[in-house]
Amino acid sequence: MTAPLSSWLDSRFQIAARGSNVRTEIIAGITTFLTMAYIVLVNPAILGEAGMPLVGVAAATCFAAAFASILMGMVANVPLALAPGMGLNAYFTYSVVLGLGIPWPVALGCVFLSGVAFLALTLAGIRQMILAAIPPHLLAAVAGGIGLFIAFIGLRNAGIVVSNSATSVALGDLRSAPVLLTLFGLTLIAGLSIRQVRGAILIGIVATTLLGWLVGALHFTPTPYDVSALGSTAFHLDLGAVFAGSHGIGVLEIIFVFLFVDLFDNLGTLMAVTKRAGLARPDGSVPNLNRILIADAAATMVGATAGTSTVTSYVESAAGVAAGGRTGLTAIVTGLLFLVTIFAAPYAGLVPLYATAPALILVGSLMMAPLVEVSWEEPFEAVPAFLTLALIPLTFSIANGIAFGIVAHAILKLLRGKMSHADWLLFLLAILIVIRFAWVAAA
């Protein structure tokens, strides 16, 4: 890289000021991409069951992730990558389209409107107020809970943890090739990290992939694909049907769920990643918060227009942060790689899940550090923090963990009898969360 370009990048993204360099930012962006590239294959498989064209969704997934990540890097200068969210895509397909019988273009319209609502809440300062209303010990628990969540995803992808009808989860076959390759990758990455080798995570992912190929554990068959397939989903959202009310009040419920889950998923990921990157201020606030939230809302709207479910911040961004990413250049590199993947979407499967699993497990372990900020001997902090910490991985939802933590904190604050006028938003959030869970349970 030429000196003038490197100098411009350093000035534009404040790279040196944040203790990084251009090379490290590029490696971090590649690392983030490799840990979340699975979405290019998984998202079409899930949305395809809703009747959406598989190749069109693949192209839309790549485009949405590229646009969102580059926008986040350029506008907010944080190492936060985005893509269509897991969980919300399942809700889109199984609950909205298949469960309620809503046509997928109408469902895309609901996603778009949830993005509009996000933008309105951001411009009104409400999302920022929500973040400020969450107490520090819950924010620390969110970071730890997301660490457990990331590690659990890695353990599951590796086959070390498997489903079990009797015990829900169990230990997998430790003799299987994916498990052994994951353990090899974890040992390599941890060893390199201990010796402070730059790019340890990326080296581990590449080495594990190559070893898997050498021992015959990498099975890959590309499917026919054409970038023009994006036209089969782009601009197919049906806002007219949403506004016409032809699907009843259920449409409002759909928009609310998209809004609720994405709100807390994003806030949780945002706090965990910025905290890990050392970007959060001592009081827990985040610089450029407005820009981050506006970029997030715009990403969901553009994603729905392209033809995919809600675009959200990815917890896998923490892998890039662990690799040294500290600025928006990391997110831009990730976005550019997704942009390239638009032209070769089927080849995202060249890096198997067992190769990225070690990175997720290691990153998850490193994200336990904020838990020391919780006063575990004090029930007022320990109970809400524990519920948050445990329920994020156990319910496979950042939103559920934060929701339980907020409600528990509000209840204990009420029982302690030390409420103040400043707590009005906290109690309002708790009431809305209880109403939302009651609504879901009655559905």
Side-chain angles (χ1 to χ4, degrees), residues 35-36 38 42 46 85-91 94-95 134-135 137-172 182 257 260-273 275-276 312-319 353 357 360-374 376 379 381-412 429-430 433-434 436-441 443:
T35 58
M36 60 187 287
Y38 67 87
V42 175
I46 293 175
M86 291 295 294
L88 285 167
N89 53 6
Y91 174 75
Y94 303 116
S95 297
I134 300 176
H137 62 276
L138 277 189
L139 294 177
V142 168
I146 290 177
L148 288 176
F149 188 28
I150 291 175
F152 181 66
I153 291 172
L155 293 167
R156 188 194 62 168
N157 289 348
I160 297 175
V161 172
V162 297
S163 299
N164 184 285
S165 57
T167 60
S168 297
V169 293
L171 187 66
T182 296
V257 172
F260 176 89
V261 176
D262 197 21
L263 171 65
F264 287 104
D265 270 2
N266 268 295
L267 290 180
T269 302
L270 170 64
M271 289 309 304
V273 173
K275 199 176 189 71
R276 175 65 189 155
T312 187
S313 303
Y314 259 58
V315 292
E316 285 85 353
S317 300
L353 292 178
L360 299 180
I361 296 169
L362 179 78
V363 170
S365 68
L366 296 177
M367 293 183 70
M368 296 296 103
L371 293 179
V372 299
E373 299 173 20
V374 181
W376 292 106
E381 289 193 14
V383 173
F386 176 76
L387 288 174
T388 302
L389 179 70
L391 288 173
I392 287 177
L394 293 181
T395 65
F396 222 70
S397 168
I398 299 171
N400 285 342
I402 296 176
F404 268 84
I406 288 175
V407 171
H409 178 69
I411 291 174
L412 292 180
L429 283 174
I433 289 168
V434 171
R436 186 253 169 178
F437 281 131
W439 183 298
V440 171

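Note that the structure is predicted; figures quoted are calculated from it, not measured.
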Atom of [X], atom of [Y] and distance for their closest heavy-atom approach:
X	Y	value
I150	G364	CG2-N, 4.3 Å
A318	V363	CB-CG1, 3.5 Å
G268	I146	O-CD1, 3.2 Å
A143	A272	CA-CB, 3.9 Å
I46	M86	CD1-CE, 4.0 Å
I398	F264	CG2-O, 3.8 Å

key: For T182, all residues meeting side chain to side chain donor-acceptor pair (under 3.5 Å), sequence neighbours excluded   =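 Side chain to side chain donor-acceptor pair (under 3.5 Å) check on T182 returns nothing, list empty.
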Residues that N89 engages under side chain to side chain donor-acceptor pair (under 3.5 Å), provided they are two or more places apart =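 Checked N89 against side chain to side chain donor-acceptor pair (under 3.5 Å); matches are N43.
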request  = Indicate whether any N or O donor in one side chain lies under 3.5 Å from an N or O acceptor in the other, for T312 and D265.
outcome  =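 No - no donor-acceptor pair under 3.5 Å links their side chains.
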Donor-acceptor contact below 3.5 Å, side chain T269 vs main chain N266 =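 Not at all, since once roles are kept as given, no pair shorter than 3.5 Å links the two residues.
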request  = Answer whether the closest heavy-atom distance between the side chains of K275 and E373 falls below 4.5 Å.
outcome  =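 Counting from C-beta outward, K275 and E373 do come under 4.5 Å.
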inquiry  = Within the structure provided, determine whether T395 and F404 are in side-chain contact (heavy-atom separation under 4.5 Å).
reply    =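 Answer no - side chains too far apart.
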Residues forming a side-chain contact (heavy atoms from CB on, under 4.5 Å) with P135, sequence neighbours excluded =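 Testing P135 for side-chain contact (heavy atoms from CB on, under 4.5 Å), a comparison that skips the adjacent residues, returns H137, L138, H409.
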key: With Y91 via side-chain contact (heavy atoms from CB on, under 4.5 Å) - residues at least two apart   =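 Y91 satisfies side-chain contact (heavy atoms from CB on, under 4.5 Å) with S95, V96, I254, V257, F258 only.
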For a quick test of your reading: what N or O donor-acceptor pairs under 3.5 Å do the side chains of residues 157-167 make, sequence neighbours left out?
unit_1, atom_1, unit_2, atom_2, d
N157, ND2, I153, O, 3.4
N164, OD1, A166, N, 2.8
N164, OD1, T167, N, 2.9
N164, OD1, T167, OG1, 3.2
T167, OG1, V169, O, 2.7

task = Measure up the F396 and F152 rings against each other and bin them: parallel (under 30°), tilted (30 to 60°), perpendicular (over 60°).
result =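 F396 and F152: perpendicular rings.
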Report, one line per pair, each donor and acceptor closer than 3.5 Å where one atom sits in a side chain of residues 381-389; sequence neighbours left out.
unit_1, atom_1, unit_2, atom_2, d
E381, OE1, S375, N, 3.0
T388, OG1, P384, O, 2.9
T388, OG1, G401, O, 3.4

key: V315 and M36: CA distance, side-chain angles, deciding distance, side-chain contact (heavy atoms from CB on, under 4.5 Å) verdict   = CA-CA 9 Å; V315 292; M36 60 187 287; over 6 Å; no
